[in-house]
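Note that these values count all heavy atoms, side chains included, but never hydrogens, waters or copies made by symmetry. Sequence lines set the chain letters: A, B, ... in the order given, protein chains first and strands last, and positions in each chain run from 1.
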Amino acid sequence: MSDRRPVVTRFAPSPTGFLHIGGARTALFNWLYARHTGGTFLVRIEDTDRERSTPEAVQAIFDGLEWLGLTSDRETVFQASRAPAHVAAVEALLAKGRAYRCYMTVEELNAERETSRAEGRAIRSLWRDREAGAGENRPYTVRFKGPLTGETVIADLIKGDVTLQNKELDDLVLLRSDGSPTYNLAVVVDDHDMGVTHIIRGDDHLNNAARQALIYEALDWERPAFAHLPLIHGPDGAKLSKRHGAQAVGEFADMGYLPEAMRNYLARLGWGHGDDEIFSDAQAIEWFEVSDVGASPARLDWAKLNHVNQHYIRLADDARLAALVETIHHDRQVPPSDAGLARMRAAVPLVKEGAQTLLQLADLTLFVMKARPLDLDDKTRGLLTDETKARLVRLRSAVSASEDWTVAALEPVIRAFAETEGVGIGKFGPALRGVLSGGSPAPDLASALVALGRDEALARIADAVGTDA
RNA sequence: GGUCCCUUCGUCUAUCGGUUAGGACACCAGAUUUUCAUUCUGGGAAGAGGGGUUCGACUCCCCUAGGGACUACCA
């Protein structure tokens with residue numbers, strides 16, 4: 001590996017499903033490292049398995065990456081399209097005597113698999129040292145001719161030196177009997193051709209790294225640096241799966257998480273910079289070092305994700321939040337109206353501090369979206385005794401007298417009113433809130449009044465107490 | 001079965017041989033409070049177990065246990 005070449009990292013998912021949250025973190029770390037070093041971040045779609053790869057999955061991965069803001073610096077490479085380069089590499093290996101044709105049948109292979117496993121050794125092909133006879137025209141695969149002795153050590157940036165005995169490594173198939181290249185060959189050729197200097201990928205490839213290192217060596221290619229990330233587990237420590245709530249980044253988007261919050265949270269999972277918990281992309285880029293990534297698997301913690309998301313919602317631009325919330329209301333089929341939407345936009349800054357997700361922000365703005373006359377909930381109806389109604393009438397005129405319709409102006413008016421009435425705010429506050437919101441969540445009284453706007457607020461009170469303006 | 005990886009509060013982590021083992025989230029208690037929330041204050045909470053090395057180990061080594069990955073003509 002060289003420290004001289006400009007850094008090139010890559011995220012190489014196989015398009016057999018959505019973009020997994022673990023994959024998203026892998027992409028993030030690749031991206032952070034590329035940015036940190038002023039290098040290049042690439043994306044490659046590993047679609048050599050034509051059976052399982054789908055265009056929908058490719059699109060889902062692109063969508064996920066785009067949402068996260070982690071897009072390739074150059075055009076995306078599709079592995080399947082590079083088959084000629086893969087085959088050429090195999091021919092070179094064949095010519096060098098570092099690969100051979102294997103005519104074993106599936107039955108023979110299965111038998112060998114069983115005996116080799118029983119004997120505790122790697123699977124071997126009997127064609128390894130046998131020349132194919134002239135009459136041999138049965139289908140064959142091309143296998144890598146790996147060394148039988150010695151060891152291969154991977155200087156992993158995260159795990160440290162990992163040593164594998166060569167005899168444990170089987171002669172992997174390079175070319176299938178239909179002539180198509182396999183993954184382990186394709187990655188090596190592609191990473192080499194794309195100039196990848198740092199392979200940062202999931203833990204599950206750690207064992208493959210040794211096999212791949214051997215191929216680099218056989219081809220006389222410079223080996224890139226390896227860094228194997230531990231996988232993300234569910235809150236219970238088991239492999240992340242459907243029952244943990246979500247796996248796909250699209251689901252996180254649907255649940256109302258902001259991409260910048262996801263980046264911050266994901267970066268913090270397995271990596272840290274001292275006591276810093278909340279940091280900007282610029283800071284993450286400045287601080288990120290692959291070698292600082294932890295070696296042990298981390299669990300997804302919803303509570304912390306929520307906390308981080310809440311922080312970023314507070315920071316987020318109100319217009320952007322309002323647009324996001326508008327689509328949520330739309331998806332929930334909340335009846336839209338220009339006036340309601342306008343109130344919602346105005347309400348966002350007033351209520352956003354209490355929201356951990358955009359879904360919650362939608363909940364918190366629902367009350368302003370309602371149309372008059374409101375359907376009051378049972379609790380509110382119960383509060384509306386004649387006495388309370390009369391008090392609300394007086395309160396209504398008190399607030400309507402306020403010159404400014406702002407939280408700062410209305411707050412003291414409400415307090416003064418309670419004092420004038422000789423009661424605590426608790427005597428009419430809940431009723432007022434109910435009248436204004438119809439029972440939906442609402443912020444403090446002054447904020448609720450402001451969020452609704454003068455006319456709407458006064459009208460809602462009038463509706464409930466049966467008084468005209 | 002074999003090979004490889006991992007192991008600090010409930011969770012994410014700091015510590016890079018000498019600390020009262022720090023922070024964040026969560027939790028508990030109290031204060032504020034018109035609901036929920038917010039905010040503020042305080043609190044409990046950890047080095048898997050066992051051996052070494054060392055004047056001294058969370059930190060280095062070994063063993064055990066527990067997790068995980070790989071062991072495909074999948075990626």
Novice: Closest approach of A:A446 and A:I414, non-hydrogen atoms and distance?
Specialist: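 Heavy-atom minimum between the residues: N-CD1, 4.0 Å.
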
Novice: Could you give the CG-to-P distance, from A:N264 to B:U13, as a whole number of Å?
Specialist: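 Interatomic distance, CG of A:N264 to P of B:U13: 14 Å.
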
Novice: By a strict heavy-atom criterion of less than 4.0 Å, which residues belonging to residues 406-420 of chain A are in contact with RNA chain B?
Specialist: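 Result for residues 406-420 of chain A: none.
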
Novice: Want to settle it: does A:A298 or A:E168 sit nearer the 5' end of RNA chain B, counting the closest nucleotide to each?
Specialist: A:E168

Novice: Taking any heavy-atom pair under 4.0 Å as a contact, classify A:R299: base, sugar-phosphate, or nothing.
Specialist: sugar-phosphate

Novice: Calculate the interatomic distance between A:R121 atom CZ and B:U71 atom C1'; express it in whole Å.
Specialist: 13 Å

Novice: Do A:Q59 and A:D63 have a side chain donor and acceptor closer than 3.5 Å?
Specialist: yes

Novice: Quick one: salt bridge (Lys or Arg N to Asp or Glu O under 4.0 Å) partners of A:D292, sequence neighbours excluded?
Specialist: none

Novice: Starting at atom CG of A:D276, determine the distance to atom P of B:U15, rounded to an integer number of angstrom.
Specialist: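 Value for this atom pair: 12 Å.
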
Novice: Sort me out a list of protein N/O and nucleotides 5-9 of chain B N/O pairs below 3.5 Å, or just none if empty.
Specialist:
| from | atom 1 | to | atom 2 | distance (Å) |
| --- | --- | --- | --- | --- |
| B:C5 | O2' | A:K159 | NZ | 2.7 |

Novice: If I take atom OH in residue A:Y265 and atom C1' in nucleotide B:C12, what distance separates them, rounded to the nearest angstrom?
Specialist: 7 Å

Novice: Could you run down the sub-3.5 Å N/O contacts of the protein with nucleotides 35-37 of chain B?
Specialist:
| from | atom 1 | to | atom 2 | distance (Å) |
| --- | --- | --- | --- | --- |
| B:U35 | N3 | A:R433 | NE | 3.3 |
| B:U35 | N3 | A:R433 | NH2 | 3.2 |
| B:U35 | N3 | A:A442 | O | 3.2 |
| B:U35 | O4 | A:R433 | NH2 | 2.7 |
| B:U35 | O4 | A:P443 | O | 3.2 |
| B:U35 | O4 | A:D444 | N | 3.1 |

Novice: Answer yes or no: are there more than 12 heavy-atom neighbours, outside A:Q165 itself, under 6.0 Å from its atom CD?
Specialist: yes

Novice: Pick the C1' atom in B:A48 and in B:U7, then give their distance to the nearest Å.
Specialist: 7 Å

Novice: State which residue, out of A:R143, A:R211, A:R124, fulfils the salt bridge (charged side-chain N to carboxylate O under 4.0 Å, His left out) condition with A:D171.
Specialist: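 With A:D171 as partner, A:R143, A:R211, A:R124 yield a single salt bridge (charged side-chain N to carboxylate O under 4.0 Å, His left out), made by A:R124.
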
Novice: Check the interface with nucleotides 23-32 of chain B: list each N/O to N/O pair with the protein under 3.5 Å, or write none.
Specialist:
| from | atom 1 | to | atom 2 | distance (Å) |
| --- | --- | --- | --- | --- |
| B:G23 | N2 | A:E277 | OE2 | 2.7 |
| B:A24 | N3 | A:K304 | NZ | 3.2 |
| B:C25 | OP1 | A:H307 | NE2 | 3.4 |
| B:C25 | O2' | A:K304 | N | 3.3 |

Novice: Under 3.5 Å for both donor-acceptor distances, Watson-Crick or wobble: does B:C28 have a partner, and if so which one?
Specialist: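 B:G42 is the nucleotide pairing with B:C28.
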
Novice: What is the distance, to the nearest angstrom, from the OH atom on A:Y183 to the P atom on B:U71?
Specialist: 11 Å

Novice: Pairing donors with acceptors under 3.5 angstrom, does anything connect the side chains of A:N166 and A:T152?
Specialist: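 There is such a pair (donor and acceptor under 3.5 Å, judged by atom type) between the side chains of A:N166 and A:T152.
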
Novice: Measure from the side-chain heavy atoms of A:R211 and tell me the nearest of B:C70, B:U34, B:A72.
Specialist: B:C70

Novice: Distance criterion of 3.5 Å, no angle test: do you see the side chain of A:T182 paired donor-to-acceptor with the base of B:C73?
Specialist: no

Novice: Name the nucleic acid region contacted by A:G270, choosing base, sugar-phosphate or nothing; use a 4.0 angstrom heavy-atom cut-off, strictly under.
Specialist: sugar-phosphate

Novice: Show me the donor-acceptor pairs, under 3.5 Å and distance only, between side chains in residues 10-19 of chain A and residues at least two apart or in other chains.
Specialist:
| from | atom 1 | to | atom 2 | distance (Å) |
| --- | --- | --- | --- | --- |
| A:R10 | NH1 | A:D191 | OD1 | 2.9 |
| A:R10 | NH1 | A:D191 | OD2 | 2.5 |

Novice: With a 6.0 Å cut-off on ring centres, are A:W271 and A:Y33 close enough?
Specialist: no

Novice: Rounded to whole angstroms, how far apart are CD on A:E112 and P on B:A72?
Specialist: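 To the nearest whole Å, that distance equals 11 Å.
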
Novice: Is it the case that the side chains of A:S437 and A:S440 hold a donor-acceptor pair, with the cut-off being a distance below 3.5 Å and no angle test?
Specialist: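 No donor-acceptor contact under 3.5 Å links the two side chains.
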
Novice: The criterion is salt bridge (Lys or Arg N to Asp or Glu O under 4.0 Å); which residues satisfy it with A:R121, sequence neighbours excluded?
Specialist: A:E112, A:E119

Novice: Of the nucleotides B:G1, B:C12, B:G68, which has the atom closest to the A:R117 side chain?
Specialist: B:G1

Novice: Take atom CD of A:E419 as the centre, draw a 6.0 Å sphere, and report whether it contains more than 12 heavy atoms from other residues, nucleotides or ligands.
Specialist: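 No - once you tally the heavy atoms of other residues, nucleotides and ligands closer than 6.0 Å, there are 12 at most.
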
Novice: Would you jot down, in residue-number order, the residues of residues 84-91 of chain A having a non-hydrogen atom under 4.0 Å from RNA chain B?
Specialist: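 RNA chain B contact set from residues 84-91 of chain A: none.
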
Novice: Applying a 4.0 Å non-hydrogen cut-off, can you work out what A:R143 is touching in the nucleic acid: base, sugar-phosphate, or nothing?
Specialist: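 Counting heavy atoms under 4.0 Å across all strands, the contact made by A:R143 is with sugar-phosphate only.
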
Novice: For nucleotides B:C16 and B:A57, find the distance between their C1' atoms and express it as a whole number of Å.
Specialist: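 Each nucleotide's C1' atom is 13 Å from the other's.
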
Novice: Which part of the nucleic acid, if any, lies within reach of A:H205 when heavy atoms closer than 4.0 Å are counted: base, sugar-phosphate only, or nothing?
Specialist: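 Touches a base.
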
Novice: In terms of side-chain heavy atoms, does A:N184 have a donor or acceptor partner in A:T182 at a distance below 3.5 Å?
Specialist: no

Novice: With the side chain counted from C-beta on, respond yes when A:V399 and A:L395 share a heavy-atom pair under 4.5 Å apart, and no when they do not.
Specialist: yes

Novice: Between B:C60 and B:U8, how far apart are the P atoms? Round to whole Å, please.
Specialist: 13 Å

Novice: Backbone N or O of A:D276 within a donor-acceptor pair of the A:R268 side chain at under 3.5 Å?
Specialist: yes

Novice: Ignoring backbone atoms, test whether A:R52 places a side-chain nitrogen or oxygen under 4.0 Å from the OP1 or OP2 oxygen of B:A75.
Specialist: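 So the side-chain polar atoms of A:R52 never come under 4.0 Å of the phosphate oxygens OP1 or OP2 of B:A75.
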
Novice: Once you apply the 3.5 Å cut-off to both distances, tell me the Watson-Crick or G-U wobble partner of B:C70, or none.
Specialist: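 In the structure as shown, B:C70 has B:G2 as its Watson-Crick or wobble partner.
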
Novice: Look at A:R460 together with A:D463 and state whether they make a salt bridge at an N to O cut-off of under 4.0 Å.
Specialist: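 No.
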
Novice: Can we call the ring centroids of A:Y257 and A:Y265 under 6.0 Å apart?
Specialist: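 A:Y257 vs A:Y265: aromatic centres not under 6.0 Å.
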
Novice: NE2 of A:H273 versus P of B:U13: gap in Å, rounded?
Specialist: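 A:H273 atom NE2 is separated from B:U13 atom P by 16 Å.
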
Novice: Does A:R299 have any salt bridge (Lys or Arg N to Asp or Glu O under 4.0 Å) partners at least two apart in sequence or in another chain, and if so, which?
Specialist: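 A:R299: no salt bridge (Lys or Arg N to Asp or Glu O under 4.0 Å) contacts found.
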
Novice: List the protein contact pattern of nucleotides 57-65 of chain B with one symbol per nucleotide (5' to 3'): B for base contact, S for sugar-phosphate-only contact, - for none; contact means a heavy-atom distance under 4.0 Å.
Specialist: ---------

Novice: Between A:Y183 and A:H205, does the ring centroid distance fall short of 6.0 Å?
Specialist: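 Between A:H205 and A:Y183, which both carry aromatic rings, the centre distance is below 6.0 Å.
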
Novice: With sugar-phosphate meaning primed atoms plus P, OP1 and OP2, does A:T16 contact a base, only sugar-phosphate, or nothing at under 4.0 Å between heavy atoms?
Specialist: nothing

Novice: Give one of base, sugar-phosphate or nothing for A:N208, where a contact means two heavy atoms less than 4.0 Å apart.
Specialist: base

Novice: Could you pull out every donor-acceptor pair under 3.5 Å between side chains of residues 78-89 of chain A and any protein atom, sequence neighbours left out?
Specialist:
| from | atom 1 | to | atom 2 | distance (Å) |
| --- | --- | --- | --- | --- |
| A:Q79 | NE2 | A:E46 | OE2 | 3.2 |
| A:Q79 | NE2 | A:D190 | OD2 | 2.8 |
| A:S81 | OG | A:F78 | O | 2.6 |
| A:R82 | NE | A:D190 | OD1 | 2.4 |
| A:R82 | NH2 | A:D190 | OD1 | 3.1 |
| A:R82 | NH2 | A:D193 | OD2 | 2.5 |
| A:H86 | ND1 | A:R82 | O | 3.4 |
| A:H86 | NE2 | A:D190 | OD1 | 2.8 |
| A:H86 | NE2 | A:D190 | OD2 | 3.4 |

Novice: Would you please name every residue forming a ring-ring contact (aromatic ring centres under 6.0 Å, His included) with A:H192, sequence neighbours left out?
Specialist: A:W221

Novice: Rounded to the nearest Å, what distance is computed from the CG atom of residue A:L185 to the P atom of nucleotide B:A75?
Specialist: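 Answer to the nearest Å: 11 Å.
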
Novice: For A:H20 and A:A248, indicate whether the former's side chain and the latter's backbone hold a donor-acceptor pair under 3.5 Å.
Specialist: no

